[in-house]
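This report concerns only the one structure given below.
Just so it is clear, the structure is predicted and the values come from calculations on it, not from any experiment. Order of the sequence lines sets the chain letters (A, B, ...), proteins ahead of strands, with each chain counted from 1. Excluded from the calculations below are hydrogen atoms, water molecules and symmetry mates; all remaining heavy atoms, backbone and side chain alike, are included.
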Protein chains: 2
Amino acid sequence: METIGQILRNKRQALGLLLRQVSAYVDIDQAILSKIERNERKPTKEMLVKLAEILKLDKDELLVQFISDKIAYEIVDEDCASKALKVAEKKIKYLKSHPIQN
Amino acid sequence: METIGQILRNKRQALGLLLRQVSAYVDIDQAILSKIERNERKPTKEMLVKLAEILKLDKDELLVQFISDKIAYEIVDEDCASKALKVAEKKIKYLKSHPIQN
DNA sequence: TATTACTTGACAATAAGTGTCAAATATAGT
DNA sequence: ACTATATTTGACACTTATTGTCAAGTAATA
């Protein structure tokens, strides 16, 4: 199972790009990118979009990885994690079909 | 579809309890409880446990509602929300079966 | 050993979440 | 309408998380 950091690092190296080059494109300090690639920090969505661009990765697929990483990390320690995910899916479907709230 | 706030409020009123009484038991300001019941703030886990006690709600079920609410709220605006949840579930299963990380 | 790539940690800046309080509003009884 | 009680709202301080910046560190290679 590949983490988002691994995906980014693998692709960057496959393209022969340096941290310096990618971080310049994304407009972040290369220290941050280094940490992102080692899953020590999470990218923002803006970073993700730019990263997808320069690394020629599918933006939507990367976003799925990003969000799922965040959720998984957030609730992996809960006994009811799996059940909560199922309920969350129902809630989201409900919310999307009833857009007016508050 | 009931939010966690609605669940708490409905049950509190069904039991004929006042915000003041419940918040005293949970040891929080009643303003906070008021906001929790209107989904303006999220309870902490500790609050949830105490709330389950005094409101005679199932602790685990409430926790599922709590976590699923948090996730749903977090990603409802994403087009790929549903897909991300599925991937998250796989990641969690993977993480649980490979407990040693880092 | 000099150079380049990457990593690490300390620190400041910013944002997000929390608790407290008092005033405002609502609700119901008289 | 008046009172009392319940709830809501918003301002604020306080704490905690997140984020960016930087310089010094390590690692690998020529």
Side-chain angles (χ1 to χ4, degrees), chain A residues 2-51 54-55 62-63 65-78 101-102, chain B residues 2-51 54-55 62-63 65-78 101-102:
Chain A
E2 234 179 350
T3 65
I4 197 165
Q6 289 167 334
I7 292 171
L8 295 172
R9 169 147 297 183
N10 288 344
K11 196 65 195 292
R12 176 175 65 80
Q13 292 177 336
L15 293 173
L17 294 170
L18 301 177
L19 277 182
R20 165 163 47 85
Q21 299 172 307
V22 174
S23 64
Y25 182 85
V26 180
D27 193 27
I28 56 175
D29 193 295
Q30 76 168 21
I32 293 179
L33 182 55
S34 169
K35 285 169 188 170
I36 289 172
E37 288 188 346
R38 285 169 298 106
N39 298 299
E40 198 180 304
R41 286 218 188 169
K42 289 171 199 166
T44 65
K45 239 181 178 179
E46 292 70 37
M47 293 178 194
L48 219 58
V49 172
K50 299 288 276 179
L51 286 168
I54 193 174
L55 297 178
L62 206 53
L63 191 57
Q65 293 300 326
F66 171 68
I67 297 171
S68 61
D69 254 31
K70 203 161 63 161
I71 294 172
Y73 174 80
E74 198 170 300
I75 68 171
V76 64
D77 291 329
E78 303 289 350
Q101 335 160 357
N102 271 354
Chain B
E2 239 179 348
T3 65
I4 196 163
Q6 289 168 332
I7 292 171
L8 294 172
R9 169 147 297 184
N10 289 344
K11 196 66 194 292
R12 175 174 66 81
Q13 291 178 336
L15 293 173
L17 294 170
L18 302 177
L19 278 181
R20 166 161 48 83
Q21 300 172 306
V22 173
S23 62
Y25 182 85
V26 180
D27 193 27
I28 56 175
D29 193 295
Q30 76 169 22
I32 293 179
L33 183 54
S34 169
K35 286 168 187 170
I36 288 172
E37 288 188 345
R38 287 169 297 107
N39 299 299
E40 198 181 304
R41 287 218 188 170
K42 291 171 198 166
T44 66
K45 242 182 180 179
E46 291 70 37
M47 292 178 195
L48 218 58
V49 172
K50 298 288 277 176
L51 286 168
I54 193 175
L55 297 178
L62 206 54
L63 189 58
Q65 293 298 327
F66 170 68
I67 297 170
S68 60
D69 254 31
K70 203 161 63 161
I71 293 172
Y73 174 80
E74 200 171 298
I75 67 171
V76 64
D77 292 328
E78 305 289 350
Q101 333 160 1
N102 271 355

(message) Need two values: the first and the last nucleotide of DNA chain D, 5' to 3', having an atom under 4.0 Å from any heavy-atom of chain B.
(response)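 So the outermost contacting nucleotides come out as D:dA6 to D:dG10.
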
(request) Note down the inter-axis angle between the two ends of the helix from C:dT1-D:dA30 to C:dT30-D:dA1, five pairs each, to the nearest 10°. (result)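 The end-segment axes of the helix from C:dT1-D:dA30 to C:dT30-D:dA1 are tilted 30° relative to each other.
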
Where do [X] and [Y] come nearest, in terms of heavy atoms and distance?
X       : Y       : value
A:Glu2  : A:Gln65 : O-OE1, 4.2 Å
B:Leu55 : B:Arg12 : CD2-CA, 3.7 Å
B:Leu48 : B:Ile4  : CD1-CD1, 4.0 Å

How many Å lie between [atom1] on [X] and [atom2] on [N], as a whole number?
X       : N      : atom1 : atom2 : answer
B:Lys42 : C:dA16 : NZ    : C1'   : 11 Å
A:Glu74 : C:dA16 : CD    : C1'   : 14 Å
A:Glu40 : C:dT7  : CD    : P     : 10 Å

(message) Please determine whether side chain to side chain contact (heavy atoms under 4.5 Å, CB included) holds for the pair A:Thr44 and A:Met47, giving the CA-CA distance in whole Å, both sets of side-chain angles, and the decisive distance to 0.1 Å.
(response) CA-CA 5 Å; A:Thr44 65; A:Met47 293 178 194; 3.3 Å; yes

Rounded to the nearest 0.5 Å, what's the gap from [atom1] on [X] to [atom2] on [Y]? Could you check?
X       : Y       : atom1 : atom2 : answer
B:Thr3  : B:Asn39 : OG1   : CG    : 3.5 Å
A:Phe66 : A:Ile7  : CZ    : CD1   : 12.5 Å
A:Ile71 : B:Ile75 : CD1   : CD1   : 4.0 Å
A:Asp29 : A:Lys35 : CG    : NZ    : 8.0 Å
B:Leu63 : A:Glu78 : CG    : CD    : 5.0 Å

(message) Taking side chain to side chain donor-acceptor pair (under 3.5 Å) as the criterion, tell me which of A:Arg38, A:Gln30, A:Glu37 meets it with A:Ser34.
(response)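 So, applying the side chain to side chain donor-acceptor pair (under 3.5 Å) to A:Ser34 and each of A:Arg38, A:Gln30, A:Glu37, only A:Arg38 qualifies.
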
Report all side-chain donor-acceptor pairs from residues 14-25 of chain B shorter than 3.5 Å, counting only partners two or more places apart or in another chain.
residue	atom	partner	partner atom	Å
B:Gln21	OE1	B:Leu18	N	2.7
B:Ser23	OG	B:Leu19	O	2.8
B:Ser23	OG	B:Arg20	O	3.2
B:Tyr25	OH	B:Glu53	OE1	2.5

(message) Just to verify, what does B:Arg41 make a side chain to side chain donor-acceptor pair (under 3.5 Å) with, not counting sequence neighbours?
(response)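 None.
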
(request) Would you mind building the protein contact string for nucleotides 24-30 of chain C? One character per nucleotide, 5' to 3', B for base within reach (heavy atoms under 4.0 Å), S for sugar-phosphate only, - for untouched. (result) -------

(request) Decide yes or no on side chain to side chain contact (heavy atoms under 4.5 Å, CB included) for B:Leu33 and B:Val26, but give the supporting numbers first. (result) CA-CA 9 Å; B:Leu33 183 54; B:Val26 180; 5.8 Å; no

(request) Mind listing the residues from residues 4-34 of chain B sitting with a heavy atom below 4.0 Å of DNA chain C? Number order is fine. (result)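 Residues of residues 4-34 of chain B under 4.0 Å from DNA chain C: B:Asp29, B:Ala31, B:Ile32.
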
